[in-house]
There are 2 protein chains.
Amino acid sequence: MAQSARPLSKKEIREGNERLILEAAENVFAEAGFGGATMQLIADLAGLPKANLHYYFPTKEALYRQVVQNIFQDWLKAADVFDAAPGPVEGIGAYIDAKMEISRRHPAGSKVWASEVMHRAPVIQDYLETTLTEWTEGRMAVIRRWIEAGQMDAINPRHLLYMLWATTQHYADFGHQIETLNGGKPLSDAQWEAAKASVKTIILRGIGAIGNA
Amino acid sequence: MAQSARPLSKKEIREGNERLILEAAENVFAEAGFGGATMQLIADLAGLPKANLHYYFPTKEALYRQVVQNIFQDWLKAADVFDAAPGPVEGIGAYIDAKMEISRRHPAGSKVWASEVMHRAPVIQDYLETTLTEWTEGRMAVIRRWIEAGQMDAINPRHLLYMLWATTQHYADFGHQIETLNGGKPLSDAQWEAAKASVKTIILRGIGAIGNA
DNA sequence: GCATATCCTGACCGTATGGTCAAGATGAGA
DNA sequence: TCTCATCTTGACCATACGGTCAGGATATGC
């Protein structure tokens, strides 16, 4: 039963506990928002005494900031598919798939992000102004290139991006509403596939990247 | 300068103060979330002493519940355009316009709703299960009729509705992000029109309700 | 084995918050 | 004018929260 003896190294202890805390914090912040979350609840969920949290993260805000930053990183990474693609069907299609998968696997992260932005980004405003702005410009340039190459209609690239974010993140942020409207049950594998297919069909057809069925 | 004399009737006082409080509460709940909002801040914004709030609304939760209920009512009303329409171009087009207008004029309400749902609807779960479920079924039936009449492609009606909600409410809930990506300035009239047009074009073309430009 | 840096945690503290209350002010109705 | 119901509010309370700290436990490097 017992983890036969070998004591954990300091490094393993630190990494393990930080991961435990960040994971618990992400869930609690997602469920209760920054203001509604309590360090005690995060501590309980992580299985550590509250004082231990303050050993690794000096303040609630520092812990929150780390959570949001991690989410932001994952979130940007999901977009690599965009650049490598030869055209909108592959690029936007793969991006929708990737973001829907994140919404399914890590809904808490998406909710924390949404909550942060809804509250006027008190913690990560600098990221919005730098990294996200640059990322957006880059992706808009790609879309414009596709338009010029005649691979899709002359859609406003900015609003297209907003639409991609909105539709995919909706399945995480409003997951509870969707679940309730699904008779209280989470979406099945088939239903998730239907969701992805619907989003991809409407958008890709809507921007003139694919013809009628 | 002074409101020359006539004393306010009890009824006027009650209605006026309740409106003041509800308006302040909507803004504070939207900015800070339920947990982060304080009765003191709502009182200050309404220009009333805190104890007066508790005279009209016994608890913070009761006040919050009233705010969410009001939002829900406005929100459903915006959908009347749906049923009266002869087809998807008019019905969905007008619905998008109406919801975008709400996002523009009452972003706080949309944020409170989003926050409530993200936190698993602790206060209005019953509404989701009854009113919203029925409303959704009704609208899905309308969409199915349009499909059968050949007015649009055989799109999954449920996911189409989610897409409409997601895209339109995104402009309220993520308004701060959109503003930041717009150089820190709110969208101009023209930009709002472009947003509406983009959403309508992509969706209506995406579901096969209108042909290529 | 010893010294040191790191890790752990129960007990504690100041503050802010939701909510209460009692006493006074004010409009309604006769 | 007088009575009553409604409205107002400063002062107050109990609680819960974020954060601190001192002292003990544990791994590390020599």
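Every chain is numbered from 1, with letters handed out A, B, ... down the list of sequences. Keep in mind it's a predicted model, so treat the numbers as computed, not measured.
For dT28(D), its base never sits under 3.5 Å from the side chain of K10(A) at any donor and acceptor pair. For K50(A) and dT9(C), a side-chain-to-base donor-acceptor distance below 3.5 Å is absent, hydrogens and geometry of angles not being considered.
At the phosphate of dG19(C), neither OP1 nor OP2 sits under 4.0 Å from any side-chain N or O atom of Y55(B). When the side-chain nitrogen and oxygen atoms of N17(A) are compared with OP1 and OP2 of dC8(C), one or more of them lie within a distance under 4.0 Å.
The residue F57(A) sits apart from the nucleic acid: no heavy atom pair falls under 4.0 Å. Across all strands shown, A43(B) has no heavy atoms under 4.0 Å from either base or sugar-phosphate atoms. A37(B) comes within 4.0 angstrom of the backbone, heavy atoms only, and of no base.
Between the side chains of H176(A) and Q125(B), a donor-acceptor pair is found at a separation under 3.5 Å. For the 3.5 Å distance criterion, the side chains of Q40(B) and D44(B) qualify, holding a donor opposite an acceptor.
Ring pair W75(B)/W165(B) is tilted by interplanar angle, where 30° to 60° counts as tilted.
Heavy-atom distances to DNA chain C give each of A51(B) and K11(B) a nearest nucleotide, and the one nearer the 5′ end belongs to A51(B).
Atom OG of S198(B) is separated from atom CD1 of I96(B) by 11.0 Å, given to the nearest 0.5 angstrom.
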